[in-house]
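By convention in this document, chain letters (A, B, ...) are assigned in the order of the sequence lines, proteins followed by strands, and residues within each chain are numbered from 1. This is a predicted model, so every value here is computed, not measured.
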There are 2 protein chains.
Amino acid sequence: MIDWARLPSLSSLRAFCAFVQTGSVVEAGVALNVSHAAISQQLRSLEAHLGAPLFDRSSRALELTADGRELARALDDGFGRIATGVEALANADAQRPLNVGCTPTFASAWLMPRLAGFQVEHPGIDMIVTPSPILTDPSPGGIDVAIRFGNGGWAGLECERLLASPIVVVGAPSLFKGNTPSEPRDLVTYPWLEELGTTESSTWLAAHGLANEKVLSRTHVPGNLMLDGARNGQGVAVSTRIAVAEDLAVGRLIAVFEDRLDAGYNLVTRPGVQRAPLKAFLRWIRREAAKT
Amino acid sequence: MIDWARLPSLSSLRAFCAFVQTGSVVEAGVALNVSHAAISQQLRSLEAHLGAPLFDRSSRALELTADGRELARALDDGFGRIATGVEALANADAQRPLNVGCTPTFASAWLMPRLAGFQVEHPGIDMIVTPSPILTDPSPGGIDVAIRFGNGGWAGLECERLLASPIVVVGAPSLFKGNTPSEPRDLVTYPWLEELGTTESSTWLAAHGLANEKVLSRTHVPGNLMLDGARNGQGVAVSTRIAVAEDLAVGRLIAVFEDRLDAGYNLVTRPGVQRAPLKAFLRWIRREAAKT
DNA sequence: TCAATCATGTAAATTCACCTTACACATTAG
DNA sequence: CTAATGTGTAAGGTGAATTTACATGATTGA
């Protein structure tokens, strides 16, 4: 264990190290971006603290004493190791891929089509998109940012609205055969599709006073298949307007109900420091969202 | 060459290192003798500077991330090396013997008899006394302090009056046979003794208007033998009152002339920092001189 | 040999990084 | 549940470090 109290001020050690490396008080000042006077005083205070002369001041140019050279070696080693460690961290940090968590639906409908643009802008940053229907929290070394649907309120996380998007219930035109449901209750006569691990359909039904109704059928499918199924007319699905925007536009799906709630997709991050790649991604995705 | 601009503040690195070693913010504060809040802020600023999360703050006790552990290793190594270097220097410095330069006469007459007292007070400090008739300057790694006769004015050195002492011309009673000289001129009829390498006799004669007088004889002897010769009645010698005090007191020598000049012995040191053993010696010798 | 230049030293004023204080809040233990 | 413990944050204070301005002494070149 290091006895910090016995160490001289780190500034003075740094000044000494810089002086040794540059060979002059003036240049050491340049290296540390301070005036030569600052260096001069630090060197003096270092000598005073150690109680040993480090320089032979008999000529104009300072020369190291034997003691001084010994200390110089130690400092060069020590600070060198520290600098290396810090650099390594900065690099490792920049290179670890950026991990984005979101729902499979959002990933395929909104994120993936745009992601190429980000990678063109930031060729150095590798990415992992982790689609998962369940809420996975950002964690150090894991997910950097999650894109979640909802209206915030996740404890211990920072949340920022990315895109407002109403919840919609969709189905293929072939499913309704021109007989579009007009009441939520009408939907219980249709088969339902639901993402594995979620209960969005129940939640939606409950929100519309149909908590105890039994629907025709419920099919749980892996996330990315839910909308595929809906497009094929296999049932109705609860989704978000954003996720099905394209399908609605080309008429592949019909939105039979749309909730005007203050909900949407959010950027969810850990509070505190954000590493550089994450910051770049957040800047980019905010801009993309604003384009919509 | 280290790129100092890229390094985070050394204080924050130190705080992080202390935190790792102690395992808690509070204890790190204790180790560095600051408040826990100071540590907390430093850690935060370090994370911000590096742009990488170093801690998992999900529970109360901070836990290091993988990045954090890596940095911790680097810092522990680096600061460890630095601390070792500094310690080594402090020790080496304290152990190198203290080197005192003075004239042989002063050494044997004044310094050596008292030196035992110093070594009793400071058993850890080894000493070298380097008697030399010529002026040897204090230098790093060499003489720590010189004790010189004169009245100052040595360029580039610090000078402090230790003992006032007139110059005296002495001879053995047997030499004068009761016929003590009363005029400086009378002395040219006696044989002279002089320290090897010095010209004190000529200086003294010149100072008394006898520059061109030829004396009976001049014998140059190694320093410590000059007074021995004088005691044996082999001639007159120029010395200082201090150096012959004992001889005068017991009547072994007679001071035939005494100059009342502002001269005496001085402590001559290099300006700047003084290592611990030197400081102790200076304190001691000032006290000894004051006793006289 | 003399000024001109260059490198370092010093003093005093200033600034800003760092610290303390004080309070808040969360977690763990009893 | 309350108390004890550990960390976070804000605001304000302080001193270490820095700058500025000038001095000194060495070196260089005319």
Side-chain angles (χ1 to χ4, degrees), chain A residues 4-5 7-49 53-65 68 137 140 154-158 270-273, chain B residues 4-5 7-49 53-65 68 140 153-158 270-273:
Chain A
W4 298 102
L7 277 185
S9 101
L10 296 178
S11 304
S12 66
L13 293 175
R14 174 177 49 191
F16 180 73
C17 198
F19 167 78
V20 171
Q21 289 178 340
T22 60
S24 105
V25 175
V26 173
E27 286 180 58
V30 173
L32 295 185
N33 202 30
V34 296
S35 66
H36 72 99
I39 302 290
S40 179
Q41 289 175 140
Q42 291 287 6
L43 296 182
R44 195 157 292 281
S45 97
L46 178 60
E47 275 188 303
H49 181 105
L54 298 170
F55 311 100
D56 187 342
R57 288 191 161 83
S58 47
S59 66
R60 172 166 63 159
L62 296 183
E63 254 178 68
L64 290 178
T65 63
D137 279 345
W154 293 289
L157 295 171
E158 276 179 359
R270 292 176 61 78
V273 189
Chain B
W4 298 102
L7 277 186
S9 102
L10 296 179
S11 304
S12 65
L13 292 175
R14 174 177 49 190
F16 181 72
C17 198
F19 167 78
V20 172
Q21 289 178 342
T22 60
S24 106
V25 174
V26 172
E27 284 180 59
V30 173
L32 296 185
N33 203 30
V34 297
S35 65
H36 74 100
I39 301 292
S40 179
Q41 289 174 136
Q42 293 286 5
L43 296 183
R44 196 157 291 281
S45 96
L46 178 60
E47 276 188 304
H49 181 106
L54 298 170
F55 310 100
D56 186 342
R57 288 190 162 83
S58 47
S59 67
R60 173 166 64 159
L62 296 184
E63 253 179 69
L64 291 178
T65 63
W154 293 288
L157 295 172
E158 276 179 0
R270 292 176 61 79
V273 188

Self-check item: Bending between helix ends of the helix from C:dT1-D:dA30 to C:dG30-D:dC1 [5 pairs per end, 10° resolution]
Solution: 30°

Exercise. Could you list by number each residue of residues 21-40 of chain A showing a heavy-atom separation from DNA chain C of less than 4.0 Å, or answer none if no residue does?
Key: A:S24, A:V25, A:V26, A:H36, A:A37, A:S40

Quiz item: Are any non-hydrogen side-chain atoms of A:F16 and A:L13 less than 4.5 angstrom apart?
Solution: no

Practice problem: Round to a whole Å and report the spacing from CG of B:L43 to P of C:dC18. | Solution: 13 Å

Practice problem: Look at all strands and tell whether B:Q42 reaches a base, only sugar-phosphate, or nothing, counting heavy atoms closer than 4.0 Å. | Solution: sugar-phosphate

Exercise. May I ask you to verify whether the side chain of B:Q41 and the base of D:dT7 hold a donor-acceptor pair under 3.5 Å?
Key: no

Quiz item: Tell me, do B:L54 and B:L43 make a side-chain contact under 4.5 Å, heavy atoms counted?
Solution: no

Exercise. Please name all residues satisfying side-chain contact (heavy atoms from CB on, under 4.5 Å) with B:A28, sequence neighbours left out, ordered by chain then number.
Key: B:A18, B:F19, B:T22, B:I39

Quiz item: Can you list, by residue number, the residues of residues 8-17 of chain B that have a non-hydrogen atom closer than 4.0 angstrom to DNA chain C?
Solution: B:S9, B:S11

Quiz prompt | side-chain contact (heavy atoms from CB on, under 4.5 Å) involving B:E63 - partner list, sequence neighbours excluded | solution = B:D56

Quiz prompt | For B:A37, all residues meeting side-chain contact (heavy atoms from CB on, under 4.5 Å), sequence neighbours excluded | solution = B:S35

Quiz item: In whole angstrom, what separates B:F19's CZ from D:dG6's P?
Solution: 12 Å

